[in-house]
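Input: a single structure, listed below in structure tokens.
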Amino acid sequence: MTKLWNKGFEPDKMIEEFTVGADRQLDLQLARYDVEGSMAHIRMLESIGLLTAEELEVLLAALADIAASIERGEFVIEEGVEDVHSQVETLLTRRLGDIGKKIHSGRSRNDQVLVDLKLFMRDRMRMLAERVDMLFRRLQSLSEQYADVLMPGYTHLQVAMPSSFGLWFGAYAEALVDDVEMVAAAYRIANQNPLGSAAGYGSSFPLNRTMTTRLLGFKTLNYNVVAAQMSRGKTERAAAYAIASVASTLGRFAMDVCIFMCQNFGFVSFPDSLTTGSSIMPHKKNPDVFEIMRGKCNRLQAVPNEISLLTANLPLGYNRDLQLLKDIIFPATNDICECLDMCDYMLQHIRIRTDIIEDEKYDYLFTVEDVNRLALSGVPFREAYREIGMRVQRGEYTPTREVHHTHEGSIGNLCNDRIAEKMHRAMELFGE
Ligand code: ARG
């Protein structure tokens with residue numbers, strides 16, 4: 001099939017396959033945004049006299065049909081068509097002839113793909129934040145439910161001081177608030193209109209970029225046309241940092257669960273149906289879900305690096321390398337959401353051991369409590385420390401097993417409501 005840019009020669013088949021790469025599949029995810037962008041663009045073209053009102057109506061109707069076919073899952077990028085932008089224009093031209101050929105005035109596929117990506121990334125970042133918020137709520141409710149169940153706290157992976165399931169679940173909830181701030185930053189960076197930058201240097205048509213900004217619901221414009229083109233890669237990079245940030249929290253939680261499921265700990269368990277077996281060891285109930293989650297989250301933390309390397313030192317303006325960003329960032333946005341969903345699903349079924357602390361191997365968790373108790377009764381801290389230390393050393397230490405923590409954020413005063421307020425404020429950034 002001939003190209004949009006056909007100038008009387010057919011390109012080499014091998015060259016075409018190599019340069020198109022995965023676009024025919026990946027661009028399907030951009031299709032609805034491409035149509036949305038085109039609708040805004042032609043409304044604007046009509047407003048500046050480059051299309052008649054009748055032409056606009058005909059084009060909008062045809063684009064609405066394409067949008068419906070995308071919605072139904074019937075839209076395909078045909079063999080020999082390079083990308084979604086070419087496919088939409090091909091469909092319009094096939095149906096409307098010359099009118100279809102008018103739609104591309106004042107734009108380039110460079111700003112077309114940019115606007116598609118901004119709209120896509122804006123949606124994905126909002127979706128990601130909603131998923132994070134869902135897991136946040138789950139963790140907070142578990143934190144409240146098990147606020148009084150103690151567990152060992154570790155430093156150096158050695159038994160250290162009392163902790164609780166309230167603290168553990170609540171800690172990951174609060175860490176997710178910072179991650180949402182990162183997602184919100186990526187959302188705001190995506191929420192700017194690049195349309196009208198054309199190939200990267202603007203157009204001699206009197207485009208009304210403010211109008212397309214309003215039609216597409218962008219908060220503002222990438223004003224400078226060169227900066228707009230530069231935002232390709234920067235938008236993805238910001239999203240990648242946000243995804244990596246969520247992944248670092250989630251991956252760490254997955255690691256905790258793997259350890260806590262281990263028989264040597266035995267702090268948490270899941271129903272058999274949520275564990276996996278071994279082909280040789282009949283007793284096995286493995287935490288594969290959390291291992292896959294840990295692995296995926298580790299990989300996702302490499303995504304910002306991949307993007308940095310792909311875009312490092314590219315000359316200013318459009319370069320075809322940028323197409324490969326889609327191969328990196330599209331699967332990443334899916335993977336992180338899948339991990340969040342899975343974590344939430346698993347946590348609906350988590351079982352907590354409530355008598356962990358009775359085990360005598362955790363006796364020493366309480367030494368600091370006992371030192372502090374002595375100190376509060378008037379013994380200077382260093383002497384109290386020595387006194388309890390000597391009891392431990394002589395094998396005479398018996399813990400009182402009482403925990404009195406009252407300050408903000410401690411076992412006895414989790415402040416989950418104030419953490420929820422922080423999350424609420426972070427989520428509000430997506431309404432702007
Ligand atoms: N598939 C291309 C991309 O993602 C679309 C833009 C093509 N532009 C060009 N000048 N070849 O970058």
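Only heavy atoms go into these numbers, but all of them, side chains included; no hydrogens, no water, no symmetry mates. Counting convention: from 1, in listed order, for ligands and their atoms alike.
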Quiz item: Any salt bridge between Glu16 and Arg24, counting N to O under 4.0 Å?
Solution: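 The answer is yes: the pair qualifies as a salt bridge.
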Exercise. Flag the pair Asp27 and Lys326 as a salt bridge only when some basic side-chain nitrogen lies within less than 4.0 angstrom of an acidic carboxylate oxygen.
Key: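 Counted as a salt bridge, because a side-chain N and a carboxylate O are separated by less than 4.0 Å.
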Quiz prompt | Mutual orientation of the aromatic rings belonging to Phe290 and Phe253 [parallel < 30°, tilted 30-60°, perpendicular > 60°] | solution =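 It falls in the perpendicular class, over 60°.
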Self-check item: Sub-4.0 Å heavy-atom approach of Leu322 to ligand 1
Solution: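 No, Leu322 has no heavy atom closer than 4.0 Å to ligand 1.
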Practice problem: With Asp83 as reference, evaluate Gln112, Arg109, Gln323 under the side chain to side chain donor-acceptor pair (under 3.5 Å) test and give the passing residue. | Solution: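 Exactly one pass, corresponding to Arg109.
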Quiz item: Does any N or O in the side chain of Ser143 come within less than 3.5 Å of the main-chain N or O of Gly166, such that one atom is a donor and the other an acceptor?
Solution: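 Yes.
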Exercise. Output yes when the distance from some N or O of ligand 1 to some N or O of Lys326 is under 3.5 Å, and no in every other case.
Key: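 Yes; at least one N/O pair falls below 3.5 Å.
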For [atom], grab the closest protein heavy atom and report residue, atom and distance to one decimal in Å.
| atom | value |
| --- | --- |
| atom 2 (C) of ligand 1 | Gln323 OE1, 3.4 Å |
| atom 8 (N) of ligand 1 | Asn110 OD1, 3.0 Å |
| atom 12 (O) of ligand 1 | Tyr318 OH, 2.4 Å |
| atom 1 (N) of ligand 1 | Asp23 OD2, 2.6 Å |

Quiz item: In terms of atom number and element, which parts of ligand 1 are under 4.0 angstrom from non-hydrogen atoms of Asp83?
Solution: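 Contacts of ligand 1 toward Asp83, numbered from 1: 1 (N), 5 (C).
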Exercise. Considering the heavy atoms of Arg232, write down every atom of ligand 1 situated less than 4.0 Å from one of them.
Key: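 Those of ligand 1 that fall under 4.0 Å from Arg232 are 3 (C), 4 (O), 12 (O).
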Practice problem: Taking all non-hydrogen atoms of both residues into account, name the closest pair between Thr19 and Arg320 and its distance. | Solution: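 What the structure gives for the nearest pair is O-NH2, 3.0 Å.
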